[in-house]
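Reading through the structure tokens given below for one structure.
Residue numbers start from 1 in every chain, and the chains themselves are labelled A, B, ... in the order their sequence lines are given, proteins ahead of strands. Just so it is clear, the values below take in all heavy atoms, side chains as well, and ignore hydrogens, waters and symmetry mates. Quick caveat: nothing in here was measured; it's all calculated off a predicted structure.
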Amino acid sequence: MEKEAKIGRSAAARQIKGRLLPRSFYEASPELVAPCLLGKLLAHHTSRGVIAGRIVEVEAYLGPHHNTPDPASHSYRGPTPRNQVMFGPPGHAYVYAIYGMHFCMNVTCDVDGVAGGILIRALEPVVGLHQMARNRGLGVNAAQRLLTSGPGRLCQALGLTREAHNGLDLTKRNSPLQIIDDKNVICDVAVTVRIGIRNAVDLPLRFTISGHTCVSGPRNLAPKRIFTP
DNA sequence: GCAGTGATTTGCT
DNA sequence: GCAAATCACTGCG
């Protein structure tokens, strides 16, 4: 009980201060933008307050115009009603339903008209931990990594749905959903193959903050390489 | 390990 | 049109 109260106070005391990432940040290819998102804050402004987490794991999904074919990407076969957001301007949220019960959130990137997306796979909870636990249907003393470690979990924790958030512009000042650079410095970035997919399983397009406890998936997945940004 | 769940797309008529 | 296959997941055993 004592511990939960302490977490609640420290989270509430924190302010989200930093620079809203501009449109130009997202105008490059997914494999270039993806590692740059690590360490940034994903913030959802709700009527109940702010819920935010630090991005610790992402995956790049390449568009059909890219040199490397990516059959795992939703945009692989061209635009459809579901994936049209990916073919629009960069810096927008592409939220879709999967397996009948989960949502996943991508950030669109590359220039307008060229598809590209980055799946946000895991966050480190930073602000609104009690609300995250409520949204996830967990007790307030649930382990932090159960809140936002996994693409479905983080959407549930932040209260993101396709109906309410698909197509939102993340670069607008008044957007309820934003990505903010608070100058947090990260150490090592590990590059691995993507997980949870059937096609194009060999492409090294998953980026994680190396060793971070909130990263999802198998702990023993060997990195293809590690670099310091 | 695998069941649960439903939207989405593809491939037939 | 309609049926079948697919799916970037999670939670339970």
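Side chain to side chain, A:R134 and A:Q131 meet the donor-acceptor criterion of an N or O pair below 3.5 Å. In this structure, a donor-acceptor pair under 3.5 Å is absent between the side chains of A:R145 and A:T213. Residues A:E163 and A:T161 have side chains that never bring a donor and an acceptor to within less than 3.5 angstrom of each other.
Checking C:dG11, C:dC7, B:dT9 against every side-chain atom of A:Y99, the shortest atom distance belongs to C:dC7. The nucleotide whose nearest atom lies closest to any side-chain atom of A:M101 is, among B:dT9, C:dC7, B:dG4, B:dG4. Taking every side-chain heavy atom of A:R153 into account, C:dG11 is the closest of C:dG11, B:dT9, C:dC9. Taking only side-chain atoms of A:R162, from C-beta outward, the nucleotide of B:dT8, C:dT10, C:dA8 with the closest atom is B:dT8. For A:R77, the side-chain atoms get nearest to B:dT10 when compared with the rest of B:dT10, C:dC7, B:dT8.
For the pair A:L177 and A:H44, the minimum side-chain heavy-atom distance is below 4.5 Å.
At whole-Å resolution of the value, CG in A:L160 and C1' in C:dC9 are 16 Å apart. The interatomic distance linking A:F103 (CZ) with C:dT10 (P) rounds to 13 Å, in whole Å. One interatomic measurement links the two molecules: CD1 of A:I197 to C1' of C:dT6, which rounds to 14 Å at whole-angstrom precision. In this entry the distance linking CG of A:D202 with C1' of C:dA8 reads 16 Å, nearest Å. For the pair A:H74 NE2 and C:dA8 C1', the interatomic distance rounds to 6 Å; values are reported in whole Å. Here C:dC9 presents its C1' atom at 16 Å from CD1 of A:I120, a figure rounded to the nearest Å. The CE atom of A:M105 sits 17 Å away from the C1' atom of C:dC9 (whole-angstrom rounding). Between the CD atom of A:Q84 and the P atom of B:dA7 there is a distance of 18 Å, given to the nearest Å.
Taking 4.0 angstrom as the limit, A:R145 places none of its side-chain polar atoms (N or O) nearer than this to OP1 or OP2 of C:dT10. Within the structure, every side-chain polar atom (N or O) of A:R82 is placed at least 4.0 Å from both OP1 and OP2 of C:dC7.
A:L119 approaches A:M105 most closely through the heavy-atom pair CD1-O, 3.5 Å.
The backbone N or O of A:G116 sits nowhere less than 3.5 Å from a side-chain atom of A:D110 that would complete a donor-acceptor pair.
At the heavy-atom level, A:N199 lies under 4.0 Å from the strands shown only through sugar-phosphate atoms. Within 4.0 Å (heavy atoms only), A:A97 reaches no atom of the nucleic acid at all. Residue contacts shown for A:R136 are limited to sugar-phosphate atoms, with no base heavy atom under 4.0 Å away.
With a 3.5 Å ceiling on both atom-pair distances, the Watson-Crick or G-U wobble partner of C:dG1 is B:dC12. Summarising the base pairing, B:dT5 is matched to no nucleotide, lacking a Watson-Crick or G-U wobble pair whose two defining distances lie under 3.5 Å.
A donor-acceptor contact under 3.5 Å links the side chain of A:Y96 to the base of C:dA8.
Residue order along DNA chain C, read from the 5' end via each residue's closest nucleotide, puts A:R198 first among A:G150 and A:R198.
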